[in-house]
Novice: 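A single structure is presented below for examination.
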Amino acid sequence: MPPLTAVRGFKDILPDEMTPWAAVEGKARDLARRYGFSEIRVPVAERTELFARGIGETTDIVEKEMYTMEDRGGGKITLRPEATAGIARAVMEHGILASARTARLFFIGPMFRYERPQKGRLRQFHQLDCEIFGDPGPWVDAEAIDLLWRLLSELEVPGLTLAVNTLGCPECRPSYRESLVRYLEGGRDRLCEDCLARLARNPLRVLDCKNPGCRELAVGAPRITDSACPACRDHFRGVLDALDSLGIAASVDPLLVRGLDYYARTAFEVLAGGLGAQNAVAGGGRYDGLLKALGGPDLPGIGFAAGLERIALLLPPQAPASGPDYFLAPLCPEALAPLFRLAGTLRAKGLSVAADWEPGSLKSRLRKADRAAASRCVVLGGTELEGGYALVRDLKTGEQIRAGLENLEPLAGDPGAPAPAAG
RNA sequence: GUGGGUGUAGUUCAGUUGGCAGAGCGCCAGGUUGUGGCCCUGGAGGCCGUGGGUUCAAAUCCCAUCACCCACCCCA
C-alpha cells in the first residue's frame with residue numbers, strides 16, 4: 001500500500017516554517033488591540049445558503065469553488081470560502097449591534113476554495129479578517145485601510161501598493177451599470193468569451209479582466225468615479241482626504257472591482273511584487289447591504305481580508321525561534337531515570353527542557369543539544385552517577401559546572417572544568 | 001476547467017548512444033578509552049511516482065495514469 005499523502009491543495013506548515021506565521025499573527029493581534037478590535041471565532045462550516053446570499057449567486061466562488069456537502073440531516077453545508085458572511089451572521093444572531101451601536105471584530109482562520117493550486121494559492125488557506133459594523137462614515141473606511149497598511153508596513157512586507165476605488169451605491173450603480181453595458185456592447189467583438197458572459201450577469205467585472213482586448217476596451221469605459229451620486233462622491237472624497245491626512249499614499253484605480261457582490265462604495269486592494277501572478281495580498285471594502293441581504297437590520301459595514309500565506313511568502317527572513325533552556329543527555333541506561341525526574345523538576349519550575357531518552361556517546365548528545373539550539377546541556381554518565389552530580393554545560397561559552405542531580409543547584413567547591421577550545 | 005514543466009535515498013539533485021542505483025547535505029558510528037561544531041574513515045537508508053508496452057536487457061525508449069510546481073482563470 002502506497003503511503004498516504006495530504007489532500008491536494010491542503011498543505012502542512014512544518015515547524016521550520018512557523019516563524020513567519022507567528023510574526024504575522026502576533027502583529028495582527030497587536031494591531032487589532034491598538035485599533036480597538038475584539039477577536040471572534042466563527043465555525044468552519046455554515047449553511048450553504050448563507051454564502052449564496054451573502055457572496056452572490058453569480059460569483060465564481062459560489063458557482064464553482066465551494067466545498068459543499070449534505071450533512072446527515074439532509075441540510076446543505078459549506079466550508080467557508082471567506083469569513084465576512086459568517087461573522088455577519090454571528091453579529092446578527094447574537095444581537096451584537098443591538099447592545100452597541102458599532103462592533104469591531106477580527107478573525108484569523110482557515111478558508112476553503114476548490115481552485116487549482118499554484119504559488120500563493122491553496123485550497124485551504126488562511127486569512128486575517130477585520131470588520132467594522134454599524135458605522136456609515138468615511139472615517140472608519142480610512143481607519144480600516146490604515147490598520148491594514150500599518151500591519152503590512154510594520155511587518156516590513158516589501159513592494160506594497162495601495163489601490164482604492166468607489167463602487168457606487170444602490171442609488172447610482174444601476175444607471176452607471178447601464179451606461180457601462182451600453183459602452184461595452186459597442187465593443188463586443190473585442191471582449192473575451194468570459195467577459196461576454198459577464199456583460200449580462202456582472203458587467204463591472206469586465207473592468208478588471210486581464211485579457212488584452214478587454215483591457216483596452218475597459219480603459220476607455222465610463223468611470224464610476226465620474227457618474228457616482230453626490231453622496232458617494234462625498235464619501236469617497238472623505239476617505240481619500242482621511243488617508244491623505246495619515247500620509248498613506250493611495251492611488252485611485254477606477255478599474256478596481258471586487259469579486260463579491262455585497263460591496264458598495266469604498267473598495268481597496270493591496271498588491272505586492274514577488275508573489276508571481278497571485279499578487280493581491282489583501283482586499284476589502286464597504287458592504288452596506290450585506291446585513292439586510294442576510295435578513296438582518298439595514299446597517300452598514302466595512303472590512304478587509306488579508307492572505308496569510310501570501311504575506312508569509314513575502315516576509316524578510318526571521319530570526320529562528322530560540323531553543324529550550326536545557327537539553328538532557330544520558331550517556332548510559334542508568335542515567336535515564338534520574339534525568340527523567342530532573343526534567344519534571346525543571347519543567348515544574350517553568351524552565352523548558354528537551355531530552356533524548358536514548359543513551360549515546362557524549363559527542364553525539366552534544367551535537368543533538370546544539371541542533372536543538374538549547375542553552376545548556378545536562379550530561380549524566382557513569383562517572384557522574386558515582387559522584388552523585390551532573391555536568392551542566394553552557395553551550396554558548398563552553399563552561400561547565402557540577403550540579404546537584406535533584407535540582408541542578410551548583411555544588412559548593414566545584415572548581416569548574418573548562419572545556420577544550422573548539423577546533 | 002485549459003496549458004507548460006518536474007517526478008531517482010529523509011532532503012537537494014546527478015545518472016552519457018538502453019548495460020550492476022550515484023553524489024552533497026542530514027542521520028548512525030569510529031578516529032579521539034568521556035568533552036560537540038572543523039577534518040578523516042566507515043555504515044544505515046531506494047517498488048528510480050504508478051500501471052502497461054518495446055527489448056536479451058529499461059531510471060533511461062513508447063503509451064496511459066497519478067501527484068507536485070508554474071501559468072491561464074479567479075482571488076487573499
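Every chain is numbered from 1, with letters handed out A, B, ... down the list of sequences.
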Novice: Return whichever of Gly307(A) or Lys64(A) has its heavy-atom-nearest nucleotide of RNA chain B closer to the 5' end.
Specialist: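 So the residue in question is Lys64(A).
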Novice: Is it true that a side-chain atom of Tyr176(A) and a backbone atom of Thr225(A) form a donor plus acceptor pair closer than 3.5 Å?
Specialist: no
Novice: Would you mind checking if Glu358(A) and Lys368(A) are paired as a salt bridge, meaning a charged N to carboxylate O distance below 4.0 Å?
Specialist: no
Novice: Rounded to the nearest Å, what distance is computed from the CZ atom of residue Arg113(A) to the P atom of nucleotide C73(B)?
Specialist: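 Nearest whole value for this atom pair: 17 Å.
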Novice: When you look at Glu131(A) and Thr84(A), which way does the side chain to side chain donor-acceptor pair (under 3.5 Å) test go after all the steps?
Specialist: CA-CA 8 Å; Glu131(A) 314 284 358; Thr84(A) 305; 2.8 Å; yes
Novice: What is the separation between atom CG on Asp129(A) and atom P on C75(B), rounded to the nearest whole Å?
Specialist: 16 Å
Novice: Can you check whether Ser361(A) has a side-chain N or O nearer than 4.0 Å to OP1 or OP2 of G34(B)?
Specialist: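 The answer is no; no side-chain N or O of Ser361(A) sits under 4.0 Å from OP1 or OP2.
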Novice: Quantified in whole Å, what is the C1' atom distance between nucleotide C61(B) and nucleotide U2(B)?
Specialist: 29 Å
Novice: Report yes if a donor N or O on one partner sits less than 3.5 Å from an acceptor N or O on the other, where the partners are the side chain of Glu384(A) and the base of G34(B); otherwise report no.
Specialist: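 Check passes, donor-acceptor contact within cut-off.
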Novice: Quick check: are there more than 12 heavy atoms from other residues, nucleotides or ligands sitting under 6.0 Å from CD of Glu17(A)?
Specialist: yes
Novice: Would you mind telling me which of U35(B), A29(B), C75(B) lies closest to the side-chain atoms of Arg310(A)?
Specialist: C75(B)
Novice: Please report the distance separating the C1' of C28(B) from the corresponding atom of U16(B), rounded so that it comes out in whole Å.
Specialist: 34 Å
Novice: Rounded to whole Å, how long is the line connecting atom CG of Leu151(A) with atom P of A76(B)?
Specialist: 16 Å
Novice: Can you name the one residue among Leu155(A), Leu148(A), Asp146(A), Leu147(A) that meets side chain to side chain contact (heavy atoms under 4.5 Å, CB included) with Leu31(A)?
Specialist: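 The single option meeting the side chain to side chain contact (heavy atoms under 4.5 Å, CB included) with Leu31(A) is Leu147(A).
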Novice: Regarding Ile311(A), tell me which of base, sugar-phosphate or nothing describes its non-hydrogen contacts under 4.0 Å with the strands shown.
Specialist: nothing
Novice: Which whole number of Å gives the distance between the P atom of G4(B) and that of C63(B)?
Specialist: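 Here G4(B) and C63(B) have their P atoms 14 Å from each other.
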Novice: Just by modelled atom types, is the Cys169(A) backbone N or O under 3.5 Å from a matching donor or acceptor in the Arg265(A) side chain?
Specialist: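 Looks like no, no N/O pair under 3.5 Å.
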Novice: Any side-chain donor paired with an acceptor under 3.5 Å for Ser375(A) and Asp325(A)?
Specialist: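 No, no side-chain donor-acceptor pair sits under 3.5 Å.
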Novice: Counting only heavy atoms from other residues, nucleotides and ligands, does the tally under 6.0 Å from OH of Tyr67(A) exceed 12?
Specialist: yes
Novice: Could you tell me how far C48(B) sits from G7(B) if I compare only their P atoms? Round to whole Å.
Specialist: 15 Å
Novice: Between the protein and nucleotides 69-71 of chain B, which nitrogen or oxygen pairs come in under 3.5 angstrom?
Specialist:
residue, atom, partner, partner atom, Å
C70(B), OP2, Lys119(A), N, 2.7
A71(B), OP1, Ala277(A), N, 3.2
A71(B), OP2, Gln118(A), NE2, 3.4

Novice: Applying a 4.0 Å non-hydrogen cut-off, can you work out what Glu309(A) is touching in the nucleic acid: base, sugar-phosphate, or nothing?
Specialist: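 If one applies the 4.0 Å heavy-atom cut-off, Glu309(A) turns out to touch nothing in the nucleic acid.
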Novice: Under 4.0 Å between any heavy atoms, over every strand shown, what does Val379(A) touch: base, sugar-phosphate, or nothing? Just pick one.
Specialist: base
Novice: Counting heavy atoms not belonging to Arg215(A), are there more than 12 under 6.0 Å from its CZ?
Specialist: no
Novice: May I ask you to establish whether Arg123(A) and Phe10(A) are in a cation-pi arrangement, using a distance under 6.0 Å from NZ or CZ to the six-membered ring centre and at most 45° from the ring axis?
Specialist: no
Novice: Pull out every stem in RNA chain B, meaning runs of 3 or more consecutive Watson-Crick or G-U wobble pairs with both distances under 3.5 Å.
Specialist: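 Consecutive-pair runs (3 or more) involving RNA chain B: B:1-7 with B:66-72, B:10-13 with B:22-25, B:27-31 with B:39-43, B:49-53 with B:61-65.
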Novice: Side chain of Asp208(A), heavy atoms from C-beta onward: which of A29(B), C75(B), A76(B) has the nearest atom to it?
Specialist: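 Of the options given, the side chain of Asp208(A) lies nearest C75(B).
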Novice: As a test of understanding, state which of Arg113(A), Arg116(A), Glu309(A) forms a side chain to side chain contact (heavy atoms under 4.5 Å, CB included) with Arg121(A).
Specialist: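 By the side chain to side chain contact (heavy atoms under 4.5 Å, CB included) criterion, Arg121(A) pairs with just one of Arg113(A), Arg116(A), Glu309(A): Arg116(A).
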Novice: Inspect the contact between Glu185(A) and Arg182(A) and indicate whether a charged nitrogen and a carboxylate oxygen are less than 4.0 angstrom apart.
Specialist: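 A salt bridge is absent here (no side-chain N lies under 4.0 Å from a carboxylate O).
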Novice: Can you tell me the distance, in whole Å, between the CG atom of Leu380(A) and the C1' atom of U35(B)?
Specialist: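 After rounding, the gap between these two atoms is 15 Å.
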Novice: Starting from the 5' end of RNA chain B, give me the residue, Leu331(A) or Tyr114(A), whose nearest nucleotide shows up first.
Specialist: Tyr114(A)
Novice: Has Asn407(A) got a side-chain atom pairing as donor or acceptor with Glu409(A)'s backbone, closer than 3.5 angstrom?
Specialist: yes
Novice: For the pair made of CD in Glu65(A) and P in A76(B), what is the distance, rounded to whole Å?
Specialist: 10 Å
Novice: Can you see which heavy atom on Arg205(A) is nearest to which on Val257(A), and at what distance?
Specialist: CD-CG1, 4.1 Å
Novice: How far, in whole Å, is A64(B) from A23(B) if one measures between their P atoms?
Specialist: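 It comes out at 35 Å once rounded to the nearest Å.
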Novice: N/O contacts under 3.5 Å, protein versus nucleotides 31-33 of chain B?
Specialist:
residue, atom, partner, partner atom, Å
G31(B), O6, Lys363(A), NZ, 2.9

Novice: Could you work out which one of A76(B), U35(B), G34(B) sits closest to the side chain of Ala280(A)?
Specialist: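 Out of A76(B), U35(B), G34(B), the nucleotide with an atom closest to Ala280(A)'s side chain is A76(B).
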Novice: Rounded to whole Å, please give me the gap between CZ in Arg393(A) and C1' in G37(B).
Specialist: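 Value for this atom pair: 10 Å.
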Novice: Can you tell me how far P in G26(B) sits from the matching atom in U41(B), rounded to whole Å?
Specialist: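 Nearest-Å result for G26(B) against U41(B) at atom P: 15 Å.
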Novice: Rounded to the nearest angstrom, tell me the gap between atom CZ in Arg367(A) and atom P in G34(B).
Specialist: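 Taking CZ of Arg367(A) and P of G34(B), I get 18 Å after rounding.
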Novice: For the P atoms, the ones on C39(B) and on C20(B), what distance do you get once it is rounded to whole angstrom?
Specialist: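 Taking atom P in both C39(B) and C20(B), they lie 33 Å apart.
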Novice: Measure CD/Glu115(A) against P/C75(B) and give the value in whole Å, please.
Specialist: 9 Å
Novice: Expressed in whole Å, how much space separates the P atoms belonging to A9(B) and G45(B)?
Specialist: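 Pairwise P distance, A9(B) against G45(B), rounds to 15 Å.
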